[in-house]
There are 2 protein chains.
Amino acid sequence: MTRIPAAERRSALIEAALRVVSRHGIAQATTRAIVAEAGMSLASFHYAFDSRDELIDELITTVVEREQQAVIPDVVPGGDLREIIESGLHRYFEHLKADPEHEQAMLELTQYALRSPERHPLAVAQYARYAALAEQALEAAATSADATWRVPVATVARVLVAFTDGLTLTWLVDRDDDAARAVAHAAADAVSRMADAR
Amino acid sequence: MTRIPAAERRSALIEAALRVVSRHGIAQATTRAIVAEAGMSLASFHYAFDSRDELIDELITTVVEREQQAVIPDVVPGGDLREIIESGLHRYFEHLKADPEHEQAMLELTQYALRSPERHPLAVAQYARYAALAEQALEAAATSADATWRVPVATVARVLVAFTDGLTLTWLVDRDDDAARAVAHAAADAVSRMADAR
DNA sequence: CATGAAGTGGGACAGTCGACCCAGTCGACC
DNA sequence: GGTCGACTGGGTCGACTGTCCCACTTCATG
């Protein structure tokens with residue numbers, strides 16, 4: 001086997017771990033399953049990481065960072081507030097449908113982090129980041145649609161994050177695309193009513 | 001040790017398993033941890049259940065059934081639609097705060113069910129039940145507040161379920177009571193705007 | 001009181017887990 | 001070309017897992 005510097009090996013293992021968690025869940029993400037997915041020997045694992053926990057921690061931070069970029073609601077097109085929000089939700093929904101296992105893995109990793117005191121802050125940071133992103137997007141949306149939020153933007157952002165999470169979980173369970181779209185439509189409408197036209 | 005009929009032993013083991021899952025997560029709910037919690041020997045486990053999987057299945061169905069009753073939005077007091085919905089959300093939030101570990105266990109069990117094809121239907125049935133309960137409550141609320149839903153009630157119900165799930169997850173992560181209440185307030189307001197006064 | 005089924009205890013099984021060890025190999029540099 | 005440190009493969013460790021087994025006790029029934 002070709003020789004690979006430790007740094008690359010670490011990220012290769014993290015990618016492999018993410019694939020394993022996505023496919024089979026975190027419980028099945030054993031050191032052996034991960035190195036098999038990465039095509040390495042068991043020794044390489046403990047050469048690159050001190051422990052499985054260390055890899056999981058790094059996996060969580062990596063994956064959260066990536067999720068930010070994927071979910072970040074980019075350019076706000078013309079249209080009223082409702083349309084902007086709905087297109088953002090649709091964008092997320094397409095992201096979810098494109099790789100359901102990845103979002104399921106995200107949820108599992110969050111809950112995994114919730115179970116140990118040392119890892120809990122990772123989950124807190126993750127959700128704080130989501131809320132901040134949503135807040136920023138909502139402010140941009142209001143500006144673009146020439147509206148002002150009647151409710152504090154931070155609160156609207158939390159509603160949006162909570163709703164997005166719930167939408168994810170619900171869809172992962174029943175995989176009902178039409179229902180999810182209808183729900184996103186209704187939710188976008190409802191959220192947009194938290195602002196007044198200016 | 002006194003002799004206990006198998007039926008009682010099954011339910012005792014299920015209760016014990018629920019406590020273990022709540023406290024330490026489903027990954028730690030080993031046969032030994034469960035029997036220790038129940039104060040039984042390992043043999044009693046496999047006398048009452050054929051396998052650990054069988055117990056987990058029964059645990060999920062039991063716990064879903066119970067959750068229905070706990071979350072079921074009972075009597076709708078006087079007040080407008082927004083107030084009724086918000087009080088329902090508050091009621092659920094108090095339920096969540098009273099036993100956070102239980103709700104966390106519910107989420108874990110759902111995700112666990114999602115991971116195996118045989119158990120997936122359990123999760124589907126669970127969410128269908130939640131949606132039906134929400135729908136029924138929303139219809140009662142509209143009647144009480146003398147309003148009509150502009151959006152299909154089934155859709156509103158799904159919005160509510162998704163939002164509730166998301167609220168749970170968010171609060172489990174950051175334990176921010178004030179934020180959760182503000183979010184519930186805003187969400188109740190938004191959802192109530194999906195109906196027209198009659 | 002005998003008997004057989006229901007229930008119990010403790011030990012054992014094979015398999016898997018995370019972690020580790022060490023002899024060996026490779027590649028860059030002197 | 002030799003040497004040193006980075007890297008690798010394979011084997012092994014003790015702990016823990018779900019499951020099973022079997023001798024034993026208890027109790028309702030005859």
Side-chain angles (χ1 to χ4, degrees), chain A residues 1-60 105 108-109 111-113 115-119, chain B residues 1-21 23-60 105 108-109 112-113 115-119:
Chain A
M1 168 148 295
T2 51
R3 297 158 63 82
I4 304 172
E8 291 179 27
R9 205 162 275 275
R10 281 175 77 97
S11 53
L13 281 168
I14 287 176
E15 293 306 316
L18 179 56
R19 286 195 298 272
V20 172
V21 173
S22 295
R23 257 205 305 276
H24 303 113
I26 197 168
Q28 307 296 322
T30 63
T31 52
R32 284 167 178 81
I34 293 168
V35 296
E37 173 73 26
M40 301 181 190
S41 80
L42 207 42
S44 304
F45 185 99
H46 284 286
Y47 185 82
F49 292 96
D50 279 350
S51 69
R52 176 179 176 275
D53 278 358
E54 189 184 319
L55 175 134
I56 298 289
D57 283 357
E58 202 145 315
L59 172 59
I60 293 177
E108 276 186 36
L109 289 171
Q111 275 186 311
Y112 186 79
R115 278 293 176 194
S116 77
E118 316 91 74
R119 263 182 282 267
Chain B
M1 166 146 298
T2 50
R3 297 157 62 81
I4 305 172
E8 290 179 30
R9 205 163 273 277
R10 281 174 78 94
S11 55
L13 281 167
I14 288 176
E15 292 307 316
L18 178 57
R19 286 196 296 274
V20 173
V21 173
R23 257 202 308 276
H24 302 114
I26 197 169
Q28 307 296 322
T30 63
T31 53
R32 282 167 179 80
I34 293 169
V35 297
E37 174 73 26
M40 300 182 192
S41 80
L42 206 42
S44 304
F45 185 99
H46 284 285
Y47 186 81
F49 292 95
D50 278 350
S51 69
R52 177 179 176 274
D53 278 357
E54 188 184 320
L55 176 135
I56 298 289
D57 284 356
E58 201 146 318
L59 172 59
I60 293 176
E108 276 187 36
L109 288 172
Y112 185 79
R115 278 293 176 194
S116 76
E118 316 89 74
R119 264 182 281 267

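Just so it is clear: chains get the letters A, B, ... in the order the sequence lines come, proteins before strands, and each one is counted from 1.
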Rounded off to whole Å, could you give me the [atom1]-to-[atom2] distance for the [X] and [N] pair?
X: A:I56; N: C:dC17; atom1: CD1; atom2: P; value: 13 Å
X: B:M40; N: D:dT25; atom1: CE; atom2: P; value: 21 Å
X: A:D53; N: C:dG18; atom1: CG; atom2: C1'; value: 10 Å
X: A:R32; N: D:dC13; atom1: CZ; atom2: P; value: 14 Å
X: A:D50; N: C:dA19; atom1: CG; atom2: C1'; value: 11 Å
X: A:I34; N: C:dC17; atom1: CD1; atom2: C1'; value: 12 Å
X: A:F45; N: D:dC7; atom1: CZ; atom2: P; value: 17 Å
X: B:L13; N: D:dT19; atom1: CG; atom2: P; value: 13 Å

Taking the minimum atom-to-atom distance to the side chain of [X], which one of [options] wins?
X: B:H46; options: C:dC20, C:dG9, D:dC20; result: D:dC20
X: A:Y47; options: D:dA6, C:dA12, C:dC20; result: D:dA6
X: B:L42; options: C:dG9, C:dA19, D:dT19; result: D:dT19
X: B:A43; options: C:dG18, D:dC21, C:dC21; result: D:dC21
X: A:R52; options: C:dA19, C:dG7, D:dT17; result: C:dA19
X: B:T30; options: D:dT17, C:dG18, D:dA6; result: D:dT17

For [X] against [Y], the heavy-atom pair lying closest together:
X: A:S22; Y: A:A105; result: OG-CB, 3.7 Å
X: B:E108; Y: A:Q111; result: N-NE2, 3.5 Å
X: B:I34; Y: B:A29; result: CD1-O, 3.7 Å

**Q.** Between CD1 on residue B:I60 and CG on residue B:L18, distance to nearest 0.5 Å
**A.** 11.5 Å
Q.
To the closest 0.5 Å, what do you measure between CD1 (A:I14) and CD1 (A:I56)?
A.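 Answer for the CD1-CD1 pair, A:I14 versus A:I56, is 9.5 Å.
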Q) So what's C:dC30 paired with, Watson-Crick or G-U wobble, going by both distances under 3.5 Å? A) D:dG1
Q | C:dG10 OP1/OP2 closer than 4.0 Å to side-chain N/O of B:S41 | A |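 Result: no.
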Q: Check whether any side-chain N or O of B:T31 sits under 4.0 Å from OP1 or OP2 of D:dG18, and answer yes or no.
A: yes
